[in-house]
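Here is the structure we will look at, set down as structure tokens.
Each chain gets a letter, A, B and so on, in the order the sequences are listed, and its residues count up from 1. These numbers were taken from a predicted model, which means no experiment stands behind them.
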Amino acid sequence: MSVITYRDALNQALREEMQRDDRVFLMGEEVAVYQGAYKVSKGLLQEFGEMRVVDTPITELGFAGVGVGAAMVGLRPVIEFMTWNFALLAIDQVVNAAAKMLYMSGGQYPMPMVFRGPNGAALQLAAQHSQAWESWLAHIPGLKVITPATPYDAKGMLKAAIRDDNPVVVLEGEMLYNTKGEVPDGDYIVPIGKAEVKREGEHCTLVAHGKTVLMALQVADALEKEGIRVEVVDLRTIRPMDVETIAASVRKTNRAVVLEEGWEVCGVGAQVVDYVQRHCFDHLDAPILRVHQEDVPMPYAKNLERTAKPDVAKTIAAIRQVMYLPTA
Amino acid sequence: MAKKKTPPRSEPSFGETDAPTRASLLHSMLLQRRFEERCAEAYALGRIGGFCHLYIGQEACGTGAISLLRDDDYVITTYRDHGQALARGLTPRAVMSELFGRSDGCSRGKGGSMHLFDRNTNFLGGHGIVGGHVPIATGVGFAIKYRGTDQVILCFMGESVVNTGAFHEALNMAALWKLPVVYIIENNRYGMGTALERASAIHDIYQRGAAYDMPRAQVDGQDVLMVRAAVAEAIHRARTQSIPTLLEVRTYRFMGHSMSDAVSGTYRTKQELEEYMKRDPIHVLRAHMEERGEIDDAGMTALDEEIKAVVQDAWDFAEASPEPALESLWEDVMVETTT
């Protein structure tokens, strides 16, 4: 066990899987010579050569399609988007090709491939570079969508994604790459489709995923001082969602708040609320509340951006509300 | 492309055919024609639903090109895929069953007319988004190079594809990385109802290859022997040197864009259609064979009867094939991971 960054955890996962299986290759913009826009692929070109760590032109639709073609005939591509914002140019390949090939072909062409890169807002990158796409991607049957929040999950889940015979979307976070945590040195897998209770509590369930898990833990710390024990459920996988873990927590706490980076309308939280009302209707002591980005494109100015994003204070206020406590 | 001088003896003579090959080309093209005439009938009777794009008039393009492939090579194409699927060796029964939405269809009734797939013959599908499959072909070329084998992939497309971003992105990478892909534009002059001249700033669209410094040529797509010669050279270049080629095969569709489109009257005239129909690819090949004494009227009639029986058998088989089991609705969304 070593304490390493999320970035290095992803790097270890890529390196170990490329050592393990020579069908695995990494392709994207700046992944090779530049060593990765966020240095996730540092050293891989030197170890595996230019056929397996492939710099592409700026051509998201094109290289996503190259990954689809390579996967159709048995390779296991890892396609890196410099950010998921740029992946919108490639969405035809993700949605119309990768997600549907198995079905359209009547089961003849599995798509063992990974699309990965940072998702969601960083700091002051403004509207086109600050978006969280998980609700779009999770809408599509045929895709798996994962959002590891910790270095431990990042390594174990990326390895699971690379070994999966289905197309897996891996949503990382620019603000997560420098975070640190304990990671085993060798091989391990964190299974796709399993949520995790990141912190136990009995007063309110707080469902989060990706970088909002770190925010949720801060919320739990702050409320602990007031004697409110929040149970933090990290979804880890958006599709297929682990309804049982969420429901078990809500049955225990009888209250829930759902926290996410994305926008409100048709967001991940809306899906969680639907599952909870169906599975835990008789256990709920209050309506479920949601915390999310304000319903505007992300502004640049620091004060506006701060106000647009979900944060600790908004989440605490929501929890107090579902507990019928006075909000400060 | 400039005509090459006589190649040195060590080089193959590209696309030369012998009598059995010509007979097999004629058989394949006539099968596609008779098969699709029955498709039109089945569509009118409601046996085939959805979109249905016929290949009638263009048979020489796919037939000539695919006839040159090895079993381990790949084919990928658009939604106008019935003819190429049959040329590649999918059985008329499997294709007709797919069109009828039956469980014996080549895609188990999940794909339909636009999405014929067959793993046994490396037929990587009919694809429904114009331009979408071209980067996929580049990816198959990448995988061939990655593995170091000498396979090739043929990527068929209509001429309207050249105006998509996907085409540009895909060809640039194939040329940049020297991938064994033969891109074959079947220029039937209309993207749905929009004439090439109203959609592309250049009209000799094989010249788009110049942007990628890619070998390129324009070919008469109504003469299957000409198609074979051009594609053979391109396949040779892909197989031996891993260099992609862009071919513009000039053809014409004798039917509407799809079954819901009138054959003529809105965007093209009856006179134009009739002019092009004088160069029916089946008649062109038949004339070649008649010159060589390889077929006569009686032979043609016998062949036609044989093929009509095969197509009737495909129809009967498809009609008898069960509808997909309802539980198959939930199958093929994901595979169980085995690795």
- Message: So for A/Pro57, is it side chain, backbone, both, or neither that comes closer than 4.5 Å to the heavy atoms of chain B?
- Response: side chain
- Message: Taking side chain as everything from C-beta outward and backbone as N, CA, C, O, which of these in B/Leu329 sits under 4.5 Å from a heavy atom of chain A? Side chain, backbone, both or neither.
- Response: both
- Rounded to the nearest 0.5 angstrom, the CG-NE2 distance for A/Asn96 and B/His127 is 11.0 Å
- Item | Separation of B/His133 NE2 from A/Asp92 CG (nearest 0.5 Å) | 12.0 Å
- Answer yes or no: is there a donor N or O on one side and an acceptor on the other, between the side chain of B/Asp332 and the main chain of A/Leu102, under 3.5 Å? no
- Message: Counting only non-hydrogen atoms closer than 4.5 Å, does A/Lys144 touch chain B with its backbone (N, CA, C, O), its side chain (CB onward), both, or neither?
- Response: both
- Option in A/Gly107, A/Pro141, A/Ser105 with maximal non-hydrogen atom pairs under 4.5 Å from chain B: A/Ser105
- Supply the atom-to-atom distance B/Met334 CE to A/Asp165 CG, rounded to the nearest 0.5 angstrom. 11.5 Å
- Message: Does any part of the side chain of B/Asn172, heavy atoms only, come nearer than 4.5 Å to the side chain of A/Thr59, both counted from C-beta?
- Response: no
- With a 4.5 angstrom heavy-atom cut-off, could you sort out which part of A/Leu143 is near chain B: side chain, backbone, both or neither? backbone
- Query: Minimum heavy-atom separation for A/Met72 to B/Phe117, with atom names?
  - Reply: CE-CE2, 3.9 Å
- Query: Which region of A/Met111, side chain (C-beta onward) or backbone (N, CA, C, O), has a non-hydrogen atom less than 4.5 Å from a non-hydrogen atom of chain B, or is it both or neither?
  - Reply: neither
